[in-house]
Amino acid sequence: RRAPPGRWGAGRRRAGPLAECRRGFPTGPELISLGTIRARQPKQLLRNDAFRAMPPQDLTPGDLEELASHEVVTDPAKVLAVYRKHATQDEPDPAVLIRAFTQIGFLFDPNSFFSTADRQLLRSHKDFKSLALDLTRVRERLPDAAAPVLLYSMACLEYRCAPLLPRLLDAVERNLHHFRTDVLALLLHSTASLGVGGASAGGQDVVAFDLENGTRSQDFGQLPEKLAVELGRRAVLLGSEGASEDEDGATVQDWSRVAFAMAMANLYDVPTSAGGDVPALPAIVARACEQIQDFNELDGCGWAQFFLYQTLYCVDVEKPKCEEEVKRAVPMWIQERLHQRWLNDIVLLAQPQGADQMQRDVDAALRRTNTQALLNCSAGRDWDEQHCWFAGFMLEPKVALECDALLPLGPGRPRPSGWQALKSRMLRKMGYRVVTLHSCFWDKLTEDHKDEQVLRLRLEVGYEHNRDLEKQLRKIRQTPHTYKGIEPKEKEWKPMPSPPSDA
């Protein structure tokens with residue numbers, strides 16, 4: 001029987017060769033095309049080159065180029081993001097770590113618009129702590145030339161990294177005579193700001209950092225004095241007759257920064273040579289002033305105005321042996337101009353802006369204990385025409401309360417910054433009683449313990465409470481106590497006036 005048409009059988013027409021090729025399937029693997037790969041990849045991965053033979057052997061040049069880009073160089077968050085991406089390698093490159101740390105430090109220099117609280121938030125970020133930890137791990141591979149910029153970055157960030165500082169300070173001490181004058185000026189200001197060294201009433205302080213193996217580093221308390229002696233020697237040599245121009249090109253900014261750093265570290269009478277008797281500070285101040293020719297240059301030299309005027313004021317208050325020589329080194333027209341411009345054009349621009357987290361916390365404790373205190377109050381001598389210093393909190397009678405947020409040298413070994421140490425010395429000379437609260441102790445207290453410490457502090461310093469001022473500042477409730485839903489409503493009617501009496 002013949003099969004019906006359209007079914008498999010003898011009567012079905014055989015398909016041609018073209019039809020068989022269309023219905024066939026490949027018997028071997030085909031080459032994968034780029035379109036196939038892109039179709040199967042997520043969209044966020046399409047930017048990668050899937051046909052790259054192998055990753056680059058060195059990712060450091062790319063990360064350094066990204067750190068130098070315009071989008072990253074002005075943003076601390078993006079700098080930390082580049083570091084975090086670079087840190088995924090087995091061993092981070094010291095060049096990238098140094099570049100990232102210094103870029104963050106330069107963003108928080110005295111000319112920036114970041115507040116003190118911004119610095120504290122950055123220092124508490126886990127990525128910044130990881131960056132400091134990685135720098136500490138590779139500290140033996142850090143070049144000596146990186147020590148000045150790393151120390152300056154720490155000073156700008158107000159961050160004292162105790163495990164890393166011994167390596168950097170040792171590099172500075174070994175290469176003391178090889179640095180240029182402007183680099184030495186930056187080093188002296190950075191070490192003085194970090195509270196490294198400085199003379200006290202009993203002589204030079206011992207500054208030794210706790211190491212990871214449980215021991216302590218060598219004493220770096222003499223390093224600022226060594227820097228000051230070297231800079232004083234160069235200043236005297238530059239001012240001698242027949243001396244050539246300064247080859248390093250030190251400017252008024254460098255010499256004025258050195259002068260203020262010496263005042264900060266209480267190194268007024270440091271000689272120009274070991275065992276000598278010629279003070280270095282007058283020669284340094286003279287080198288700064290001789291580069292100022294007229295009022296326009298003085299008004300446009302920025303921070304040099306602040307450094308010079310503060311140096312003059314500190315010398316006038318603390319009365320070192322070289323007081324008269326320092327004052328004579330500054331021409332009278334410069335002194336008068338600085339005095340006229342101090343309040344409106346110098347000190348307002350030099351004061352740190354914004355809030356301090358520790359200062360806000362102490363202020364909250366003072367309010368809870370009903371302690372009357374003036375915040376950031378100016379202080380000075382009774383006969384001063386204008387004040388140059390501001391106390392953190394001012395209590396009566398003449399008590400200055402300061403907050404030190406710098407990391408300690410080791411557990412339980414706080415040391416204030418150079419700025420705080422200078423302010424404390426100045427306020428004591430002016431007749432104030434200074435109390436310093438250290439963050440390494442304060443942050444570990446509970447709220448009740450902080451209030452208890454404030455109350456004990458009031459007893460020890462003889463705090464006086466002003467009852468009249470308390471009455472003036474007391475907030476009086478303007479609305480009566482009531483419950484929700486029964487608030488007082490305005491009356492819809494008013495009483496009619498009473499008729500006039502006939503009497």
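This is a predicted model, so every value here is computed, not measured. This chain uses plain numbering: 1 for the first residue, then up along the sequence. Values below: every heavy atom of this structure, side chains too, minus hydrogens, waters and symmetry copies.
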Here the gap from L281 atom CG to L231 atom CG, rounded to the nearest 0.5 Å, amounts to 11.5 Å
Residue pairs meeting side-chain hydrogen bond (donor to acceptor under 3.5 Å, both in side chains), one or both in residues 280-295, sequence neighbours left out, come to R287-E290
Here the gap from L298 atom CG to R341 atom CZ, rounded to the nearest 0.5 Å, amounts to 7.0 Å
Practice prompt. Could you check M394 against V399 for side-chain contact (heavy atoms from CB on, under 4.5 Å), going step by step and ending with a plain yes or no?
Written response: CA-CA 6 Å; M394 188 69 70; V399 177; over 6 Å; no
| task | Flag the pair R84 and D127 as a salt bridge only when some basic side-chain nitrogen lies within less than 4.0 angstrom of an acidic carboxylate oxygen. | result | yes
**Study point:** Derivation and outcome, side-chain contact (heavy atoms from CB on, under 4.5 Å), residues R415 and C440
**Key:** CA-CA 10 Å; R415 184 176 178 84; C440 59; over 6 Å; no
*Would Y83 and D134 count as a side-chain hydrogen bond (donor to acceptor under 3.5 Å, both in side chains) if you check the C-alpha gap in whole Å, the side-chain angles of each, and the deciding distance to 0.1 Å?*
CA-CA 10 Å; Y83 153 72; D134 287 340; 2.5 Å; yes
Applying salt bridge (charged side-chain N to carboxylate O under 4.0 Å, His left out) to R123 and not counting sequence neighbours gives none
When you measure from the side chain of D254 to the backbone of R257, do you find a donor-acceptor pair of N or O atoms at a distance under 3.5 Å?
no
Rounded to the nearest 0.5 angstrom, the CG-CG distance for L312 and L338 is 7.5 Å
Across all chains, not counting sequence neighbours, the ring-ring contact (aromatic ring centres under 6.0 Å, His included) partners of F108 are F114
Using modelled atom types only, decide if a donor and an acceptor are shared between the side chain of H86 and the backbone of D93 within a distance under 3.5 Å. yes
| message | Between T272 and R233, is there a side-chain donor-acceptor contact under 3.5 Å, judged purely by atom types and distance? | response | no
**Item:** Flag, side chain of Q335 to backbone of V330, donor-acceptor distance under 3.5 Å
**Value:** yes
Between Y432 and G380, the two heavy atoms sitting closest are OH-O, 3.8 Å
Which is it for Q310 and Q305 under the side-chain hydrogen bond (donor to acceptor under 3.5 Å, both in side chains) test, yes or no, and what are the steps along the way? CA-CA 8 Å; Q310 282 286 23; Q305 305 173 79; over 6 Å; no
With sequence neighbours left out, the residues meeting side chain to side chain contact (heavy atoms under 4.5 Å, CB included) with Q357 are A117, Q120, L121
d(L133 CG, L164 CG) to nearest 0.5 Å is 10.5 Å
Residues passing the side chain to side chain donor-acceptor pair (under 3.5 Å) test with T371, sequence neighbours excluded, are T369, R458
One should read off an interatomic distance between F307 CZ and C301 SG, to the nearest 0.5 angstrom, of 10.5 Å
**Request:** Start with the C-alpha distance between Q359 and N376, add both sets of side-chain angles, then the distance that settles side-chain hydrogen bond (donor to acceptor under 3.5 Å, both in side chains), and finish with yes or no.
**Result:** CA-CA 10 Å; Q359 196 176 35; N376 291 333; 3.0 Å; yes
Exercise. Is any side-chain heavy atom of F101 less than 4.5 Å from a side-chain heavy atom of C161?
Worked result: no
Any ion pair linking D363 and R367 (charged N to carboxylate O, less than 4.0 Å)? yes
For A162 and L409, the nearest pair of non-hydrogen atoms, with its separation, is CB-O, 3.8 Å
Shortest non-hydrogen pair, C156 vs G105, comes out as CB-O, 3.3 Å
*asked:* Can you confirm whether K319 is buried at NZ, in the sense that more than 12 heavy atoms of other residues, nucleotides or ligands lie under 6.0 Å from that atom?
replied: yes
Under 6.0 Å from the CZ atom of R174, do we count more than 12 heavy atoms belonging to anything else shown?
-> yes
### Task
Using distance alone, with no hydrogens and no angle criterion, decide if Y313 and D384 have a side-chain donor and acceptor under 3.5 Å apart.
yes
Check ion pair E318-K429 (N to O, under 4.0 angstrom)
no
Sorted by chain and residue number, the salt bridge (charged side-chain N to carboxylate O under 4.0 Å, His left out) partners of R368 (sequence neighbours excluded) come out as E447, D451
Checklist entry - So does R216 pair up with D219, basic N to acidic O under 4.0 Å? => result no
So NZ of K450 and CD of Q453: to nearest 0.5 Å the spacing works out to 11.0 Å
Sorted by chain and residue number, the ring-ring contact (aromatic ring centres under 6.0 Å, His included) partners of F295 (sequence neighbours excluded) come out as W333
Check: Run the salt bridge (charged side-chain N to carboxylate O under 4.0 Å, His left out) check on E230 and R234 step by step: do they pass?
Finding: CA-CA 6 Å; E230 176 64 21; R234 297 187 185 187; 2.9 Å; yes
For residues 151-167, the side-chain hydrogen bond (donor to acceptor under 3.5 Å, both in side chains) pairs (sequence neighbours left out) are D144-R167
Applying side chain to side chain donor-acceptor pair (under 3.5 Å) to R337 and not counting sequence neighbours gives D299
Sequence neighbours excluded, the answer for ring-ring contact (aromatic ring centres under 6.0 Å, His included) partners of Y309 is W342
field: K423 and E402 ion-paired at < 4.0 Å
entry: yes
Salt-bridge contact K85-E66 (side-chain N to carboxylate O under 4.0 Å): yes
- Query: Taking the side chain as C-beta and beyond, is there a heavy-atom pair between W389 and L422 under 4.5 Å?
  - Reply: yes
Q) Is the closest basic N to carboxylate O distance between R328 and E324 below 4.0 Å? A) yes
Taken in chain and number order and not counting sequence neighbours, the residues that satisfy salt bridge (charged side-chain N to carboxylate O under 4.0 Å, His left out) with D404 are none
**Asked** Stepwise, does the side-chain contact (heavy atoms from CB on, under 4.5 Å) test hold for L401 with L457?
**Response** CA-CA 10 Å; L401 187 61; L457 175 64; 3.7 Å; yes
By salt bridge (charged side-chain N to carboxylate O under 4.0 Å, His left out), E212 pairs with (sequence neighbours left out) R139
message: Assess the residue pair D63 and R99 against the criterion (salt bridge (charged side-chain N to carboxylate O under 4.0 Å, His left out)); give the C-alpha distance rounded to whole Å, side-chain angles, the decisive distance to 0.1 Å, and a yes or no.
response: CA-CA 10 Å; D63 293 335; R99 178 73 65 85; over 6 Å; no
Begin with the C-alpha distance, continue with both residues' side-chain angles, and end with the deciding distance and a verdict on side-chain contact (heavy atoms from CB on, under 4.5 Å) for L157 and L122.
-> CA-CA 9 Å; L157 294 169; L122 176 70; 3.8 Å; yes
Quick one: does K327's side chain get under 4.5 Å of M332's, heavy atoms only? no
